[in-house]
S.K.: 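Quick one: structure below, then a few questions.
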Protein chains: 2
Amino acid sequence: MVTVRNTRQNVIKAAGRLFAEKGYHGTSMRDLGRELGLLGSSLYAHVESKQDLLVEVVEEGARLFHASADAALAAGGSSSARLRQLIAGHVGVVLENPDVVRTYLNEARMLDAEHRSRVIAARDAYEQAFRQVIGAGISDASFRPDLDPKLSSIFLLSILNALERWYRPDGAVDGSQLVDEVTEFALAAFKH
Amino acid sequence: MVTVRNTRQNVIKAAGRLFAEKGYHGTSMRDLGRELGLLGSSLYAHVESKQDLLVEVVEEGARLFHASADAALAAGGSSSARLRQLIAGHVGVVLENPDVVRTYLNEARMLDAEHRSRVIAARDAYEQAFRQVIGAGISDASFRPDLDPKLSSIFLLSILNALERWYRPDGAVDGSQLVDEVTEFALAAFKH
DNA sequence: CCTACCGATCGGTAGG
DNA sequence: CCTACCGATCGGTAGG
């Protein structure tokens, strides 16, 4: 049996796991210490505060989604191709980082006002990427003209953000099928 | 200035408000007492425990959605008419009971295992109502034949359950417009 | 619904 | 990362 020293990074990772599972306020520093094999008070050698841990996890979530949207838009292609990339990227972020994503989506509201408003700004920017691609698809007649870019981006993101609530990788649907199903559903709603 | 005595019902209502806003674990009995103008300890004249309050709020949420689905299916009509009723009913429940719904959707996982499994069963039954109507719509050729009833009911419910996260009644979209927009989006995804 | 508490647990610190 | 704490707050109770 090997006993390994913890790093700041794996403390943050374990915090994401517990925040996702039991919520920020439902997780004590002693819970987190137990998860890592040390005392709650020892965590302060790695982080400044409990809030600090939440900030780190949530900001990682924001970075992941931002990077995904960046890559999707940089890939170029038709508006529907870019929309497909946005969807595939989002599903990938959710499936590969379930704890970070759950904390990002459900616990960000527990942040202090300053950090929370930065998260809201990041989410708005992310939603703008979806809205612009949908708007472009309407302009070039890929999508139906009566589509509302704002509402339809919210509806699509509602589907994508809810994945964390029900999708289990050991179920009947694998990751690439999931991308296909969400994409087909969205494009069916968007087309003429 | 009048000082009114509290009832069990308005204690539960205030609990829903705070649980929705700050989360179950983020709300103390003293917070709730302050909200009602009494001491935290005085709440125990109305309820047995803090968990008891969560149970009451969450079970009310389950009842509201159950009643909505019941009414929608009892109204009869074509499969797409029943789907419209399910959607309108769900939106109505969310808009008229935002605190109860937010607690039902976000805090039910904080319940003890026994109550939580009952909530999960109630959600499954509710999802079944959507799934059956979608299945009927596929059978009678109202909806496209390649639609997956299970996944498409989840996608539609994702949109409906996310309303609590973004919709504000003082915004640009009113309740009946919201029903129309969600309905149009879903039916566009379902049609041939 | 208040007074007066209870033991347990919370986030966090000093010093090593 | 541990020892040994700290004051504050937690859910809850006895008795009125």
Side-chain angles (χ1 to χ4, degrees), chain A residues 1-59 103 107-116, chain B residues 1-59 103 107-116:
Chain A
M1 159 167 180
V2 213
T3 307
V4 197
R5 274 221 147 207
N6 287 298
T7 62
R8 179 176 166 89
Q9 276 312 311
N10 77 60
V11 171
I12 293 168
K13 189 173 175 182
R17 215 152 52 221
L18 292 187
F19 293 165
E21 183 188 332
K22 322 195 311 167
Y24 176 69
H25 289 303
T27 302
S28 73
M29 293 300 271
R30 285 161 179 84
D31 289 337
L32 180 55
R34 198 178 310 118
E35 180 91 356
L36 292 164
L38 44 79
L39 297 176
S41 59
S42 301
L43 292 166
Y44 293 89
H46 296 102
V47 293
E48 284 175 25
S49 67
K50 190 184 171 188
Q51 268 276 330
D52 186 31
L53 280 167
L54 182 58
V55 168
E56 291 287 355
V57 177
V58 167
E59 288 191 342
T103 302
E107 306 302 322
R109 63 190 173 126
M110 307 306 177
L111 287 169
D112 58 277
E114 186 191 329
H115 287 102
R116 194 171 56 240
Chain B
M1 160 171 177
V2 212
T3 305
V4 197
R5 274 220 147 209
N6 285 298
T7 63
R8 181 176 165 89
Q9 277 313 310
N10 78 58
V11 170
I12 292 169
K13 189 172 175 182
R17 214 152 53 220
L18 292 188
F19 292 165
E21 183 189 332
K22 322 195 313 166
Y24 176 69
H25 289 302
T27 302
S28 73
M29 292 300 272
R30 284 162 179 83
D31 289 337
L32 179 55
R34 196 177 312 118
E35 180 90 356
L36 291 164
L38 44 79
L39 295 176
S41 58
S42 301
L43 292 166
Y44 292 90
H46 295 103
V47 293
E48 286 176 23
S49 67
K50 189 185 172 188
Q51 268 277 328
D52 185 30
L53 281 167
L54 181 58
V55 168
E56 291 287 354
V57 177
V58 168
E59 289 190 343
T103 301
E107 305 303 321
R109 63 188 175 126
M110 306 307 178
L111 287 169
D112 58 277
E114 185 191 332
H115 286 102
R116 194 173 55 242

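Values reported hereafter were calculated over all heavy atoms of this structure, with side chains retained and with hydrogens, waters and symmetry mates removed. All chains are named by letter (A, B, ...) in the order of the sequence lines, taking the proteins before the strands, and each is independently numbered beginning at 1. Quick caveat, the model's predicted, so the values are computed rather than measured.
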S.K.: Assign A:Leu38 to base, sugar-phosphate, or nothing according to its heavy-atom contacts below 4.0 angstrom with the strands shown.
M.R.: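 Sugar-phosphate only.
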
S.K.: Between B:Gln51 and B:Tyr24, is any pair of side-chain heavy atoms under 4.5 Å apart?
M.R.: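 Yes; the side chains approach each other to less than 4.5 Å.
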
S.K.: Check the surroundings of atom NZ in A:Lys13: do more than 12 heavy atoms from other residues, nucleotides or ligands lie under 6.0 Å from it?
M.R.: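 No.
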
S.K.: Mark up nucleotides 11-16 of chain D, 5' to 3', with B wherever a protein heavy atom is under 4.0 angstrom from a base atom, S wherever such an atom reaches only the sugar-phosphate, and - elsewhere.
M.R.: BBB---

S.K.: State, to 0.1 Å, how close A:His46 and A:Asn6 come at their nearest heavy-atom pair, and which atoms those are.
M.R.: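 In terms of heavy atoms, the two residues are closest at NE2-O, 3.1 Å.
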
S.K.: Against B:His115, only a single residue in B:Leu54, B:Val58, B:Val55 fulfils side chain to side chain contact (heavy atoms under 4.5 Å, CB included); can you say which?
M.R.: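 When B:Leu54, B:Val58, B:Val55 are each tested with B:His115, the side chain to side chain contact (heavy atoms under 4.5 Å, CB included) holds only for B:Val55.
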
S.K.: Provide, to the nearest angstrom, the distance between the CG atom belonging to A:Leu39 and the P atom belonging to D:dC5.
M.R.: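 Nearest whole value for this atom pair: 15 Å.
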
S.K.: Shortest non-hydrogen contact from B:Thr27 to B:Lys50?
M.R.: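 Scanning both residues completely, I find the closest heavy atoms to be O-NZ, 2.7 Å.
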
S.K.: Which dot-bracket notation, 5' to 3', represents the base pairing of DNA chain C when pairs are defined as Watson-Crick or G-U with both distances under 3.5 Å, crossing pairs as [ ], and inter-strand pairs as |?
M.R.: ||||||||||||||||

S.K.: Would you tell me whether B:Ser49 and B:Asp52 have side-chain atoms, one donor and one acceptor, within less than 3.5 Å of each other?
M.R.: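 The criterion, which ignores hydrogens and geometry beyond distance, is not satisfied for B:Asp52 and B:Ser49.
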
S.K.: Is there side-chain contact between A:Leu53 and A:Leu43, with at least one heavy-atom pair below 4.5 Å?
M.R.: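 Result no, sub-4.5 Å side-chain heavy-atom pair not found.
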
S.K.: Rounded to the Å, how far apart are B:Asp31 CG and D:dA8 P?
M.R.: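 From B:Asp31 CG to D:dA8 P: 17 Å.
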
S.K.: Measuring from A:Ser28:OG to A:Arg34:CZ, what's the distance to the nearest 0.5 Å?
M.R.: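 It is 6.5 Å, given to the nearest 0.5 Å.
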
